[in-house]
Amino acid sequence: MTDVLRRRALLAAASGLAALAGCAGRETTTNGYPNRERPLTGHEVESVRDEDGGALVAEGDDVPSLSTDERAPQRRSTRRVLVAEDDLAALAFAETPPGERLREFCAATEFDAESVYLLAMPIEACREVRFRSVRVERGSLAEGDLQPHAGFCRTYRPADVDCELDAIHTVGFAIRMPVAADRSRGSGRRMAGSCGSGDPPVAFNASDALDASTASGGEDA
Amino acid sequence: MSRRGVLAGLATAGAAAIAGCSTPPLDDDEGQRVEAAAVPPDLVDAVEWPPAPFPANVPASLGASHESRARDLLDAVPADPSLPNAAVAAAIADDRKRAAERGAAQPSDPWPTEALSARRRARGEAAMVRGTYRAATGVDDGADLAARRRAVREDRAALAADLEYRAPSTAAAALAYEPVESLLAACERHLRPTVRYPDDPVAAPFRAGNAVGDVERARAAATDAAGLRDAFRGGREGLEPRWASLTAAADALDGSVHRTRARVRERTGGAATPDGEDLSGTVARELATVSAGRAEAAVGDIERASDAGHHAEAVVEAGTALAALEARRWAAEAIRDGRHREPPSESSLRSASERARDAVAEAVADGDGLASRIALPAVTSLERVADDIDRRYADARRTQARLRYVALYADAVPAATAFVRDRLE
């Protein structure tokens, strides 16, 4: 197994293990799980929702056109880590207000000190996705390799929002992180089926003033 | 490994996953040359429950009032709610249907106190659905709910403060007030504002419903606590308070349990299995594990009851802890004598099942309420074994060990009951 594949496998395993609540003690690998890392602070998030269900971003010159009654999850899903202007130039954004907002947010990134984790995904019209946290695998970051892992949850939109059962919308998140990197050989995403009211517990460590506060709140889309 | 062996391993894996990821599934079977028999699907018959220990009739009016309240709550929610958010509307319709089914079902619980608990759950669920619907339609019940929570809290506190364990005897007090204590505790649990009513209910209607459902269940528990107490008193005047004698008995029994545990540990060396022998993959190993685990859990139960000031519960849990400790002692002796090493055969499984059933029947034969209550863990264990067989989770070694354990525990019930009763006089 190559290093890249192995890291991807680890990331996949990490997101899988998170689902096994109560079995945390059975994880056998010690370090390197983004889940074990503290959530990153100092990041900014832009979140958008396309109620017409269009694709928001894609690799290449244009984005697929879609309507709300097409399921097509792959064509709405994107996951890219942008560590340089070139990464941004390789993408096409939808020429819609949400697509523009994502593009502008990404374009305003200082890639010598910052990076962007960009995600788009389909969601039922009556539900929303909330951003919870982003973690970065620090071991690989030290070698110039940015491997972010973002946590989301899914919940109902307010009861007074007018929406149909079968319609599909698209949501997009651009997470700007205050870290620079040469490359990205992996990324992860975790989606909780419901949004609990509280943030995950924070471990106390008096000698560790750095990162003492966790990212709080959430961005909805 | 044969197909049967693989299936047994998978069954163990399933059970282990359910039990909270306790043991790696296939380890126990590694290196085993001799296959265990498959567990026959008809191994354990329907379990016969002993007579209910609560020493009075549970009035039908208690369950009926939960039932009618649940119906009224659901009547206020349309079967097919119309809301702008179609997914929220569909989810409420589903919840309503489920709650209506649960409310209409006759509880199958063999003891009336347990059946009442099923009615309370159904009532809580109905309130949750109505609370969700009201929030989704823009009604803010936050202030009303806070007032209701406060009122239930005051009623519960008054009830608890008035609990003097009035009864004709200390033994009757233990059996009559154990469910009252447990209802007061349940009420307190449901009152804790763990799920906060949302500031913007229309944005979080399901959370609003959960908060409403909790308070409804707290109200139902408080009502039943008073109802059971009154049913037991039955209008009898001049019943003596048994608080002091019950507390003294609970303390003495708590001491006895700890002294007994120390003795049993001396005899067994504290370890679940004899030193120096590898018992992996044997019935002996499973029996050692189950008997040690149950004894420790039972001791934990009495400690928690004593700490919470639940004297009636502490008394009956002392009975179960003593029986569990005795069963553990017998299990350790049998293992030390070299028994339970052979892989289970169909006939050994059948004889273990028969012996377990006979031992439970014998333990509760004279219809004594205290014996019924102390025998309860044996009855529920037997039920769980039957359930696991139905769901095909049953592994032969574990099943045989659990059946052996049920028999040992049930054998200890008469003596443990007599011991507890002596302390109550």
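Chain A is the first sequence line, chain B the second, and so forth, proteins listed ahead of strands; every chain is numbered from 1.
- Between A/Phe131 and A/His43, the two ring planes are perpendicular [angle over 60°; tilted spans 30° to 60°].
- B/Arg397 and B/Thr399 share no donor-acceptor pair across their side chains, judged by distance under 3.5 Å alone.
- Partners of A/Arg101 according to the side chain to side chain contact (heavy atoms under 4.5 Å, CB included) rule, which considers only residues two or more places apart in sequence or in another chain, are A/Glu46, A/Val48.
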Got a list of side-chain donor-acceptor pairs under 3.5 Å for residues 69-78 of chain B, not counting sequence neighbours?
unit_1  : atom_1 : unit_2   : atom_2 : d
B/Arg69 : NE     : B/Glu216 : OE2    : 2.7
B/Arg69 : NH2    : B/Glu216 : OE1    : 3.0
B/Arg69 : NH2    : B/Glu216 : OE2    : 3.4

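- Relative to the six-membered ring of A/Phe152, A/Arg132 misses at least one condition, a distance below 6.0 Å or an angle of at most 45° to the axis.
- For a heavy-atom cut-off of 4.5 Å, chain A lies close to B/Leu83, B/Pro84, B/Asn85, B/Ala86, B/Ala87, B/Val88, B/Ala90, B/Ala91 in residues 83-95 of chain B.
- Legend: side chain to side chain donor-acceptor pair (under 3.5 Å) pairs involving residues 127-143 of chain B, not counting sequence neighbours, sorted by first then second residue: B/Arg134-B/Asp141.
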